Amino acid sequence: MEWGSEPAAVRRHRVGAERREGLEAPSQSEREASAQEPLVDAARGPRTRKRSPGSSGGASRGAWTGLCEARAVVAIAVYLLALRFLVQLSLQQLVLRGTSGHPGEFDARHARDYLEHITSIGPRTTGSPENEILTVHYLLEQIKLIEVQSNRLHKISVDVQRPTGSFSIDFLGGFTSYYDNITNVVVKLEPRDGAQHAVLANCHFDSVANSPGASDDAVSCSVMLEVLRVLSTSSESLRHAVVFLFNGAEENVLQASHGFITQHPWASLIRAFINLEAAGVGGKELVFQTGPENPWLVQAYVTAAKHPFASVVGQEVFQSGIIPSDTDFRIFRDFGNIPGIDLAFIENGYIYHTKYDTADRILTDSIQRAGDNILAVLKYLATSDMLATSSEYQHGNMVFFDVLGLFVIAYPSRVGSIINYMVAMAVVLYLGKKFWQPKHNTVNYTKDFLCGLGITLISWFTSLVMVLIIAVFISLIGQSLSWYNHFYVSVCLYGTAAVAKIIFIHTLAKRFYYVNASDQYLGEMFFDISLFVHCGFLVMLTYQGLCSAFISAVWVAFPLLTKFFVHKDFQQHGAQGKFIAFYLLGMFIPYLYALYLIWAVFEMFTPILGRSGSEIPPDVVLASILAGCTMILSSYFINFIYLARSTKKTMLTLTLVCTVTFLLVCSGTFFPYSSNPANPKPKRVFLQHMTRTFHDLEGNIVKRDSGIWINGFDYTGMSHITPHVPEINDTIRAHCEENAPLCGFPWYLPVHFLIRKNWYLPAPEVSPRNPAYFRLISKEQTPWDSVRLTFEATGPSHMSFYVRPHKGSTLFQWSLGNGTPVTSKGGDYFVFYSHGLQASAWQFWIEVQVIEEQPEGMVTIAIAAHYLSGEDKRSSQLDTLKEKFPDWTFPSAWVCTYSLFVF
């Protein structure tokens, strides 16, 4: 490429532009002669042609006749499919070797044995005998056997902790948590002479109600037991202690980890932690959070992990709050001020927290790779010099990402910023040579570049609008989630629409605006435009301090290098086979990594959209994500539209595929859910058989009713259920009790803002054997002119407490959390309460400041009791209703009571 003279393509386009600006158009014979005449000599550039105003991008009689449409489409399609195959291959390669089983190495067979024993106990909700007695007894039994087999170099200490405490958290809009006598099983492995510093490994053995919880999180506890066995029998001495926390109340919104890190005497030894979690069932465990800061931890994982799978992109996405989930990582970070690494299985989230989360669905290789990684990283940290002096290495963030699971690239974020700005500067120099030529040479290139940038942005915007229109229409006619069980449907519907719209806009620009410009000129210019757009994102993300900016750097650096490599051949021969081959080869790394990340995005978000509530249209979300992915993947192929002779067949094919898919979706051909035993994708429904009692200010009962409260956890509501269970229809839609906190219903968690469509089927009253009691112990005036109300509550292991101050009153303080009340979305206050076995009565107080007295009182309080285990959990009406549900559903059912009081 010649930097010192006017580019040949610019000169050719300038001539054509001058003609457009007022010169008399040449005759037909002059155009034919011009097409045959060389515009530049061979030493300075290729032979090209100008397209006549009436042409549609077809071949001319010049030296190069344009790119064959079929060849381009086939090349791009095969290229993307090949890259997708490589991504899939890397994901299926869970371990790089077979199961070891050798002494001193992790053996997945032992871990699987632990897993099957734990899951055979059944669902393990906090406070149930299954969780508090059977699972704890099994863990202690196995730990005792491990201790007997341990090497004399090591010392094992075991403690069963039963903490009580309270804290507030801004998860799910904000609420307060209180726990009493829950269970932690804590094991400390240390050198025989003791240790002053420790690394923590954390899992939880409790599960949600009605799920065996194999992946979430019994498999992690099984891995930790085997890691404990291997480390304790090793003949290698440790420098620091390793604390294994088997916590029994994570599903109660992170309570047990809070009890450990704020109350246990060993917590003061912890300098770093590894948290093992799940958002799916099996596959690879992803490092999706590290820190805060402490880049040495990332480096430890990079150095030690045998089968790395990590991305700073996952960290920044998760910490943005887009994903409605949280882990014990937050507790250790916020309440313990300890840095750590958060890992989670993310594949097959369709059956996460359902009855299908069983041990047989987790591959042994998944257990093996997780065990290899955890063992290696723990051993590295327990023998590291940096653990004891970790505070000296705490500053700075790391850019980190794995390459197809083979190895991890990691470097400090400040180095990443330097690299990013250097890459951006290279683009500035490259484009600057074109823009900063003398004005009479480049004025039309600048104009066409800016117009081309506008056309590109318009094409992206209109493609987004197009798919959103389709998505909104699909949602309005009640066919949402048609792709939930058939993901290819979303690609055929929204992906093809987005691609077709982008091609259509650029084809119009090629035909009616860039009439006299050569195809080579346009192809080169639109490549530059895509480069410019990615460079803009690179600068913006880097300026924002996001480590994920490395993706934009990859999408700028490699295409720029490719441009330099293929430029000469392109100028001499046009877009022939050799050019296409080398162009696609140069784009290999950015496109391969993009598809790798896109897989992770859809693997994570698609199942989440099946449990994201009734207020978020999942088709709109998925269509937007697909449109964004289409924009990224098409960006460096836009130039092929201008290099090709025609795009008619491509647009026709895409339109046909989109139209046929659209008609099939509208007709209900694609059912969202599946009961296929090999790959179930169930619809989640919560059924709560409850009795509600409402009291007035004098304590009189003003309303009492009973029924089964029904919540569907996705956008389709009960539309698919009604044909199977006719009594669940819109005539029994639940109505909000405006004067009651959270609409007068027994929300287990404060997700009322996500699920506004629910149903209330009348049913007989419930009579649990262990009824909840709630009473006011005292009411007193404080010296600071507030009213302190002290309450006592007893009941099952899980209760929810709701507070709504009346007009003229404010909730000033209370004995929960840090003393400052935290509101949930909507302005009410939500407290999540749980206890283990043999808990005492729950006593607490609130202070209400009355600014203006009202005849209806100062505060409304409600308490809901949830019976998640034992005989009280069931009722004959619940069982009968559950049996009517089709097999492609997962109805999670329990009994509860709700009592409301006014003070």
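The model shown is predicted, which means the values in this text are computed figures rather than measured ones.
In this structure, E251 and D216 have side chains that are in contact, with non-hydrogen atoms separated by less than 4.5 Å. Inter-residue side-chain proximity for F400 and T290 is flagged as met; some heavy-atom pair is nearer than 4.5 Å. In this structure the side chain of H197 never reaches within 4.5 angstrom of the side chain of L269, judged on heavy atoms. L286 has its side chain out of reach of F345: every pair of non-hydrogen atoms, C-beta onward, lies at least 4.5 Å apart. Using a 4.5 Å heavy-atom threshold, the side chains of F487 and F602 count as touching. Two residues are said to be in side-chain contact when any heavy atoms from C-beta on lie closer than 4.5 Å; S232 and I156 meet this criterion. Between I374 and L343 there is a side-chain heavy-atom pair separated by less than 4.5 Å. For the pair H534 and S635, the minimum side-chain heavy-atom distance is below 4.5 Å.
The CG atom of L200 sits 5.0 Å away from atom CZ of F332, with the distance rounded to the nearest 0.5 Å. For the atom pair CZ of R271 and OG of S390, the computed distance is 6.5 Å after rounding to the nearest 0.5 Å. Residue L297 holds its CG atom at 11.0 Å from CD1 of I338, rounded to the nearest 0.5 Å. One finds the CD atom of E250 at 5.0 Å from the CG atom of D328 (value rounded to the nearest 0.5 Å). For the atom pair I598 CD1 and Y593 OH, the distance stands at 12.0 Å (nearest 0.5 Å). To the nearest 0.5 Å, atom CD1 of residue I351 and atom OG of residue S211 are 9.0 Å apart.
Between the side chains of S168 and T176, a donor-acceptor pair is found at a separation under 3.5 Å. Between the side chains of T364 and R112, at least one donor N or O lies within less than 3.5 Å of an accepting N or O. Between T233 and N151, the side chains place no donor N or O within less than 3.5 Å of an acceptor N or O (distance only, hydrogens not considered). Side-chain contact annotation: N184 with N247, donor-acceptor N/O pair under 3.5 Å absent. Under the 3.5 Å distance criterion, with hydrogens and angles disregarded, no donor-acceptor pair is assigned to the side chains of N397 and S413. Of the N and O atoms on the side chains of H204 and E277, at least one donor lies less than 3.5 Å from an acceptor on the other residue. With hydrogens and angles left out, the side-chain atoms of Q319 and Q289 include a donor and acceptor closer than 3.5 Å. With no hydrogens or angles considered, no side-chain donor-acceptor pair links T354 and D357 at under 3.5 Å. If you check the side chains of H395 and N294, you find no donor sitting under 3.5 Å from an acceptor. Side-chain polar atoms of Q255 and S834 form a donor-acceptor pair below 3.5 angstrom.
The two atoms that bring F830 and P750 nearest to each other are CE2-CD, 3.6 Å, heavy atoms only. Taking every heavy atom of both residues into account, W266 and V187 meet most closely at CZ3-C, 4.1 Å. Taking all atoms of both residues into account, the shortest heavy-atom contact from G282 to S366 is C-OG, 4.0 Å. Between G104 and L375 the shortest heavy-atom distance is O-CD2, 4.4 Å. Minimum interatomic distance between A214 and L115 (heavy atoms only, all atoms of both residues): O-CD1, 3.7 Å. Listed here is the closest heavy atom pair of Y352 and A278: CE1-O, 3.2 Å.
Without hydrogens or angle criteria, Q161 side chain to V185 main chain gives no donor-acceptor distance under 3.5 Å. Put simply, the side chain of E316 gets close to the backbone of C547: a donor and an acceptor are under 3.5 Å apart. Judged by distance alone, the side chain of R124 and the main-chain N or O of F205 form a donor-acceptor pair under 3.5 Å. Counting only distance, with no hydrogens or angles, the side chain of S234 and the backbone of V230 share no donor-acceptor pair below 3.5 Å. With S166 contributing its side chain and S177 its backbone, the two residues share a donor-acceptor pair below 3.5 Å. The backbone N or O of G259 sits less than 3.5 Å from a side-chain atom of Y179, completing a donor-acceptor pair. Within the 3.5 Å criterion, the main-chain N or O of A111 finds no donor-acceptor partner in the side chain of E226. Distance alone, capped at 3.5 Å, is enough to place a donor-acceptor pair between the S257 side chain and the L254 backbone. Formation of a donor-acceptor pair under 3.5 Å by the Q263 side chain with backbone atoms of T164 is found in this model. When atom types are taken as modelled, the side chain of T119 and the backbone of A359 share no donor-acceptor pair closer than 3.5 angstrom.
Dense packing is recorded around CE of M540, with more than 12 heavy atoms of other residues, nucleotides or ligands lying under 6.0 Å away. Few gaps surround CZ on F753; more than 12 heavy atoms of other groups in view lie less than 6.0 Å from it. Annotation for Q196: atom CD does not count as buried by contact number, only 12 or fewer foreign heavy atoms lying within 6.0 Å.
Tested against F550 for a ring pair (Phe, Tyr, Trp, His ring centres under 6.0 Å), the candidates W555, F401, F537 yield a single pass: F401. H307 pairs with exactly one of D402, D372, N373, D365 by the side-chain hydrogen bond (donor to acceptor under 3.5 Å, both in side chains) rule, that one being D372.
The pair D170-R330 counts as a salt bridge, with a side-chain nitrogen and a carboxylate oxygen less than 4.0 angstrom apart. A salt bridge links R369 with E285; the closest basic N to acidic carboxylate O contact falls under 4.0 Å.
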Walk me through whether Y350 and Y356 qualify under ring-ring contact (aromatic ring centres under 6.0 Å, His included). CA-CA 9 Å; Y350 298 98; Y356 299 106; over 10 Å; no
Tell me, with the steps shown, if N131 and T125 meet side chain to side chain contact (heavy atoms under 4.5 Å, CB included). CA-CA 6 Å; N131 191 71; T125 54; 6.0 Å; no
After noting the C-alpha distance and the side-chain angles of Y178 and F832, does the key distance pass the ring-ring contact (aromatic ring centres under 6.0 Å, His included) rule? CA-CA 6 Å; Y178 184 93; F832 182 92; over 10 Å; no
Side chain to side chain contact (heavy atoms under 4.5 Å, CB included) for V199 and H240? Distances and angles first, verdict last. CA-CA 8 Å; V199 57; H240 311 293; 6.0 Å; no
Mind running side chain to side chain contact (heavy atoms under 4.5 Å, CB included) on L83 and V87 for me, showing each step along the way? CA-CA 6 Å; L83 294 180; V87 170; 5.6 Å; no
Let me see the working for W599 and L595 under side chain to side chain contact (heavy atoms under 4.5 Å, CB included), right down to the final yes or no. CA-CA 6 Å; W599 167 85; L595 289 173; over 6 Å; no
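Between F244 and F246, the angle of the ring planes stays under 30°, which puts this pair in the parallel group of the 30/60° scheme.
Within the structure, disulfide bond (SG atoms under 2.5 Å apart) pairs that include any residue of residues 255-352 do not occur (at least two apart or interchain).
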